[in-house]
Amino acid sequence: MSFRINLRRSFVLVALLALLPGGGARAWSGHTLCTWQALAPLAELAPLRVRAESLESFLTDQAPQLERVLADHEVWARANLEPYAPRPDAVAFQSADVSPGQVDELRARFLKALRLNAGSLLALFLQLRPGEPAAHRQAMPWTEITTLRSGVGARENSYVQIREGSTVTVIDVLATASNEPDYGLDLGLFTDNGTAHGQHLGFGKQPFGNAAVDYSSQAPFHMGFYHEARFVFAAASFLRRTHPEARVALFSTLARHAFASGHDYWAWRFTGWALHYVQDLTQPYHASVLPGVHPARMIGINAVAMVGHERPKLDAIALVSNRHVVVENYQYKRMVQAYEQRNMDDALLAVLRDSAQDREHWRYQWANTRAMVSREAFDAAQALDAQLEQSFPPHYTADPSVNLGMQADRLDMQVIARQYSEQHHQRLEQQVAARLKRLGLHTRALVRDMLVPKAHQPTRP
């Protein structure tokens, strides 16, 4: 068996475990918590309200126009995105033969054309801030929000139903939608995921992760590996098969069309979906395959595994997986507590609102996703990984026999970090805050772009 084949298998195992800890390939836990704060400095956004609209109403009004928009976008994507999995012509959006009463068929065709999970729920709902009462609004269970059976990423939040035609704030629509791709939009889209819809979408077999685990199948859409060493890609070219850039471009195009056609609710909801993938790539563990492990060491680990010594490889997998869980848990628990205590001056919340580095009138471009957003996160990965090892007891970050993914919900890493070392906790806070600061900046840049009236340009999202 060749060295390259063995190296490829080694990377497959690394991707399977190191990239997918207990949170199910989430980057920042609770995108909504981040988006509310990131958008607070945009004074022009605060007064904006929209009328809620079902997806079926949007499609009924815009189906013929959406055929053209999506066809034009596909031409652009094939010419400009690399890598890109071309959308099969067989799933292109067609509506001419759908009668006015067949709204379910129209919806199914639209989801297929966007290459989303056919079972996506897409209810009309808003997420509540931690500690915020539902008041007179009707609460919604998380089972009506996500298709994930485990409820990962959804069950810890509170939601309320919104009725079609009711008025809601744009900020709440954006914030709620920015977490929505973690509720199952990207599940089961590969041919080996055991789903009917995955057989026809053109993505092929799942490039990494466990194809038999439902939440694992979303990983290639929420991670973007663009900056690894050339010899890593040469040996494991499948790592290039990630799709966040394509998602940002597609949902930005749909948002532009929705604005141009007077469907502002869906314009902002699509914008929130695009935000999710941008925000994912500000997290170092979603932009780097093995933070803290030098590419040459990856080769060494694989070399000894080839002759039967698997322990170094398994240990590296366990350590990186646990550190991913640690930073995600730390960020989420701390932010939830700050919301519950109405402590908007907490460092992690305050830095999301810090617009001092925003360029005046700076707007997002889809190319920034790779050239800036993921590049910054990749460059920060090694330092963050090293700091995690110093900021927590070795049991959590340096003991490969521990599997934190099985106990993440029972841990509070912000408490553990403060108790372990106040000095290192401050350094950890600074590093996490630096990443969240960039999340805030890129979030505002994308939303600022949507606030600028312009002609619909389907080939330039």
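Here the structure is a predicted model, which is why all the values come from computation and not from measurement. The residues of the chain are indexed from 1 along the displayed sequence.
Contact record, Thr60 with Leu106: N-CD2, 3.8 Å, taken as the closest heavy-atom pair. In terms of heavy-atom proximity, Leu70 sits nearest to Ala113 at CD1-CB, 4.3 Å. When all heavy atoms are compared, the tightest approach of Gln279 to Ser178 is OE1-CB, 4.2 Å. Here the closest heavy-atom approach between residue Ala258 and residue Phe270 is recorded as CB-CD1, 4.5 Å. Closest approach of Ser252 and Ala274 over heavy atoms only: OG-CB, 3.9 Å. The shortest heavy-atom contact between Met223 and Pro244 is O-CD, 3.3 Å.
How far CD1 of Ile171 is from CG of Leu42: 7.5 Å, rounded to the nearest 0.5 Å. In this structure, the separation between CZ on Arg87 and CD on Glu74 is 4.5 Å, given to the nearest 0.5 Å. How far CG of Leu148 is from CD of Gln218: 6.5 Å, rounded to the nearest 0.5 Å. Between atom CZ of residue Arg109 and atom CG of residue Leu59 there is a gap of 12.0 Å, rounded to the nearest 0.5 Å.
Ser321 has its side chain out of reach of Leu404: every pair of non-hydrogen atoms, C-beta onward, lies at least 4.5 Å apart. Counting heavy atoms from C-beta on, the side chains of Phe58 and Leu66 come closer than 4.5 Å. Annotation: side chain of Asp280 is in contact with side chain of His31 (closest heavy-atom distance under 4.5 Å). By the 4.5 Å heavy-atom criterion applied to side chains, His73 and Leu254 are not counted as neighbours. Within the 4.5 Å cutoff, side-chain heavy atoms of Leu81 are placed close to those of Trp76. Trp266 has its side chain within reach of Leu55: a pair of non-hydrogen atoms, C-beta onward, lies under 4.5 Å apart. Here the side chains of Gln37 and Tyr339 are in contact, with some heavy-atom distance below 4.5 Å. When side chains are defined from C-beta on, Trp142 does not count as touching Asn157, because their heavy atoms never get closer than 4.5 Å.
Judged purely by distance below 3.5 Å, without hydrogens or angles, the side chains of Glu164 and Tyr265 never pair a donor atom with an acceptor atom. No side-chain N or O of Ser29 forms a donor-acceptor pair with one of Glu156 less than 3.5 Å apart. A donor-acceptor contact under 3.5 angstrom links the side chains of Asp186 and Tyr277, judged on distance only. Between the side chains of Glu245 and Thr369, no donor-acceptor pair is found at a separation under 3.5 Å. Counted by atom type alone, Gln390 and Ser421 present zero donor-acceptor pairs between their side chains at under 3.5 Å.
Sorted by first then second residue, the salt bridge (Lys or Arg N to Asp or Glu O under 4.0 Å) pairs that include residues 38-63, not counting sequence neighbours, are Glu56-Arg107. Sorted by first and then second residue, the salt bridge (Lys or Arg N to Asp or Glu O under 4.0 Å) pairs with a member in residues 373-393 read Arg323-Asp385, Arg323-Glu389, Arg375-Asp379, Glu376-Arg438; sequence neighbours excluded. Note on residues 336-350: pairs passing salt bridge (Lys or Arg N to Asp or Glu O under 4.0 Å), not counting sequence neighbours, are Arg334-Asp346.
Ion pairing between Arg418 and Asp412 fails under the 4.0 Å rule for side-chain N and carboxylate O. Between Lys205 and Asp192 no salt bridge is recorded (no basic side-chain N to carboxylate O distance below 4.0 Å). We find that Glu132 and Arg137 are joined by a salt bridge, their nearest charged nitrogen and carboxylate oxygen being less than 4.0 Å apart.
Classified by interplanar angle (parallel below 30°, tilted 30° to 60°, perpendicular above 60°), the ring pair Tyr330/Phe392 is perpendicular. Using a 30° and 60° split on the angle between ring planes, His243 and Phe190 fall in the tilted class, from 30° to 60°.
With sequence neighbours left out, Tyr226 forms a ring pair (Phe, Tyr, Trp, His ring centres under 6.0 Å) with no residue at all. Applying the salt bridge (Lys or Arg N to Asp or Glu O under 4.0 Å) rule to Asp399 yields no partners; only residues at least two apart in sequence or on another chain are considered.
Between Asp358 and the choices Arg448, Lys437, Arg353, Arg363, the salt bridge (Lys or Arg N to Asp or Glu O under 4.0 Å) rule is met once, by Arg448. A ring-ring contact (aromatic ring centres under 6.0 Å, His included) with His286 is found for exactly one of His222, His324, His276, namely His324. Here the options are Leu33, Thr35, Asn179, Thr282, the test is side-chain contact (heavy atoms from CB on, under 4.5 Å), and the partner is Trp28; only Thr282 passes.
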Atom pairs and distances, side-chain donor-acceptor, residues 114-130, under 3.5 Å, sequence neighbours left out:
from, atom 1, to, atom 2, distance (Å)
Arg115, NH1, Ala85, O, 2.9
Arg115, NH1, Pro86, O, 3.4
Arg115, NH1, Leu201, O, 2.8
Arg115, NH2, Tyr84, OH, 3.2
Arg115, NH2, Ala85, O, 2.7
Asn117, OD1, Gly119, N, 2.9
Asn117, ND2, Thr147, OG1, 3.4
Asn117, ND2, Gly184, O, 2.9
Ser120, OG, Asn117, O, 2.7
Gln127, OE1, Thr32, OG1, 3.2
Arg129, NH1, Asp172, OD1, 3.4

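The neighbour count for Arg163 CZ, taken as heavy atoms of other residues, nucleotides or ligands under 6.0 Å away, does not exceed 12. The number of heavy atoms from other shown groups lying within 6.0 Å of NZ (Lys112) does not exceed 12.
In terms of modelled atom types and a separation under 3.5 Å, the side chain of Thr195 and the main chain of Gly188 share a donor-acceptor contact. For His227 (side chain) and Arg370 (main-chain N/O), a donor-acceptor pair under 3.5 Å exists by modelled atom type. Counting only distance, with no hydrogens or angles, the side chain of Ser288 and the backbone of Pro284 share no donor-acceptor pair below 3.5 Å. Remark: side-chain polar atoms of Ser217 are not paired, donor with acceptor, to backbone N or O of Leu187 under 3.5 angstrom. Between the side chain of Asn329 and the backbone N or O of Val325, no donor-acceptor pair lies under 3.5 Å.
Aromatic pair Trp268/Phe259: centroids less than 6.0 angstrom apart. Taking the six-membered ring where the residue is Trp, the centroids of Phe203 and Phe221 are separated by under 6.0 Å.
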message: side chain to side chain contact (heavy atoms under 4.5 Å, CB included) for Asn322 and Thr397? Distances and angles first, verdict last.
response: CA-CA 6 Å; Asn322 283 345; Thr397 61; over 6 Å; no
- prompt: Between Ser57 and His263, does a side chain to side chain contact (heavy atoms under 4.5 Å, CB included) hold up when you go through it step by step?
  reply: CA-CA 10 Å; Ser57 294; His263 293 271; over 6 Å; no
message: Glu429 vs Ser391, test: side chain to side chain contact (heavy atoms under 4.5 Å, CB included). Steps then yes/no.
response: CA-CA 10 Å; Glu429 178 186 278; Ser391 297; over 6 Å; no
